[in-house]
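Structure first, then comments.
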Amino acid sequence: MVTIDLSGRNALVMGVANHRSLSWAIAQRLHAAGARLQSSVEELAGTLPGTLTLECDVTRDATIDTVAARLGEQLGSLQMLVHGIAFARKEDLEGAFVATPREGFMAALDVSAYSLLNVTHRVLPLLEKQGASIVTLSYLAAERAVPSYNVMGSAKAVLEQSVRQLAYELGPKAIRVNAISAGPVSTLAARGIHGFTGMLKQHAEKAPLKRNVTKEEVGSCGLFLMSDLSSGITGEVIYVDAGYSIMGW
């Protein structure tokens, strides 16, 4: 059995809403492997000794710069960045996609996709000191039509293209960029999607493994992508979905 040791490495984990968050599942696995974490939810972070919590509004550049400065002062460098941030207005998920207003479309892309570029750019001086691994969270709606996912599908499509472009651009700096496309998991964000319970049932019926995935399985994939075991992998979308994405009918 291979043991992953991330001792001495620093991770910034963004998008931890609560204990059901996929970002939190990754954070737990990173901490168990010895990584020092910087997170955004103080109550949860308190369960992981040595974790620093920082507030960051990704729609405001000044707050990202403040976080980057604090990380630079306290850590000096970052070897891992987990981007688990996504947002779309409730009305833009429930209504007709064709009627999505400009402000709703832009809000979803700003928070869910552009934030990956913006945060990476602003913490790049910390990431490029020793090389790093960046992981973001996507979903199959980036490439297929999913009922009620609407504008979030567009945002995830932009996010996945951004992963490839960043992987190309940052590769010479020894920075790897990948995405995890997880199957439906009962997170706070997922429960905001109309018909989510039915989605879980259909996914389990169609997936080759005949079940849904767990947040722990997503966390394990995140740990793998952050470790040296994945040193030759960049620009990829890794599916953790019990095989659902390979199916036709």
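Not measured: the values here are computed from a predicted model.
With a 4.5 Å cut-off on side-chain heavy atoms, Leu127 and Leu170 do not count as touching. In this structure the side chain of Leu124 reaches within 4.5 angstrom of the side chain of Ile175, judged on heavy atoms. Val67 places none of its side-chain heavy atoms less than 4.5 Å from the side chain of Val119.
When hydrophobic clusters are built by joining Ile, Leu, Val, Met, Phe, Trp and Tyr residues whose side-chain heavy atoms come closer than 4.5 Å, directly or via intermediates, Val146 is grouped together with Leu200. Linking Ile, Leu, Val, Met, Phe, Trp and Tyr residues whenever their side-chain heavy atoms come within less than 4.5 Å leaves Phe97 and Leu93 in two separate clusters. One hydrophobic cluster, built from ILVMFWY side chains closer than 4.5 Å, cannot hold both Leu137 and Val151; they sit in different ones.
Residues passing the side chain to side chain contact (heavy atoms under 4.5 Å, CB included) test with Thr63, sequence neighbours excluded: Cys56, Asp57, Arg60. Take Asp5 and apply the side chain to side chain contact (heavy atoms under 4.5 Å, CB included) test, not counting sequence neighbours, and it matches Ser7. By the side chain to side chain contact (heavy atoms under 4.5 Å, CB included) test, Ser220 pairs with Arg29, sequence neighbours left out. Residues forming a side chain to side chain contact (heavy atoms under 4.5 Å, CB included) with Arg36 (at least two apart in sequence, or on another chain): Asn10, Gln38, Gln74, Leu75. Residues satisfying the salt bridge (Lys or Arg N to Asp or Glu O under 4.0 Å) criterion with Lys201, sequence neighbours excluded, are Glu205.
Atoms CD and OG, from Gln28 and Ser21 in turn, are 10.0 Å apart once rounded to the nearest 0.5 Å. Separating the CE atom in Met226 from the CD1 atom in Ile26 is a distance of 6.5 Å, to the nearest 0.5 Å. For the atom pair CD (Gln165) and CD (Gln161), the distance works out to 5.5 Å, reported to the nearest 0.5 Å. Taken to the nearest 0.5 Å, the CG atom of Leu126 stands 11.5 Å off from the OG1 atom of Thr120. The distance from atom OG of Ser162 to atom CG of Leu117, rounded to the nearest 0.5 Å, is 4.5 Å.
Listed for the Lys206 side chain is a donor-acceptor partner under 3.5 Å among the backbone atoms of Gly248. Side chain of Glu217 to backbone of Thr214: a donor-acceptor contact under 3.5 angstrom is found. Panel note: side chain Ser23, backbone Met14; a donor-acceptor pair is recorded below 3.5 Å.
Across all their heavy atoms, Arg176 and Ser231 have their closest contact at CD-O, 3.3 Å. Val111 and Ala86 make their closest contact through CG1-C, 4.3 Å (heavy atoms, listed as atom of the first residue, atom of the second, distance). Residues Leu225 and Ser133 share a closest heavy-atom pair of O-OG, 2.8 Å. For Arg122 against Asn118, the heavy-atom pair with the smallest separation is NE-OD1, 2.9 Å. Closest non-hydrogen pair, Gly235 versus Asn178, comes out as N-OD1, 3.2 Å. Contact between Asn150 and Gly95 at its shortest, heavy atoms only, is ND2-O, 2.8 Å.
Sorted by first then second residue, the salt bridge (charged side-chain N to carboxylate O under 4.0 Å, His left out) pairs that include residues 228-249, not counting sequence neighbours, are Arg9-Asp228. Counting only residues at least two apart or in different chains, ring-ring contact (aromatic ring centres under 6.0 Å, His included) contacts with residues 200-225 comprise His203-Tyr244. A ring-ring contact (aromatic ring centres under 6.0 Å, His included) check over residues 49-88, counting only residues at least two apart or in different chains, returns nothing. Contacts classified as salt bridge (charged side-chain N to carboxylate O under 4.0 Å, His left out) and involving residues 147-157 (residues at least two apart or in different chains) are not found. Residue pairs meeting the ring-ring contact (aromatic ring centres under 6.0 Å, His included) criterion with at least one member in residues 115-145, sequence neighbours excluded: Tyr139-Tyr149. Counting only residues at least two apart or in different chains, salt bridge (charged side-chain N to carboxylate O under 4.0 Å, His left out) contacts with residues 123-150 comprise Glu128-Lys173.
The environment of CD in Glu91 is crowded: more than 12 heavy-atom neighbours from other residues, nucleotides or ligands sit within 6.0 Å.
Between Ile134 and the choices Leu78, Leu166, Leu116, the side chain to side chain contact (heavy atoms under 4.5 Å, CB included) rule is met once, by Leu116. Residue Leu81 forms a side chain to side chain contact (heavy atoms under 4.5 Å, CB included) with just one option from Val135, Thr136, Leu12, and that option is Leu12.
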Return all side-chain donor-acceptor pairs below 3.5 angstrom for residues 102-110, not counting sequence neighbours, or 'none' if the list is empty.
none

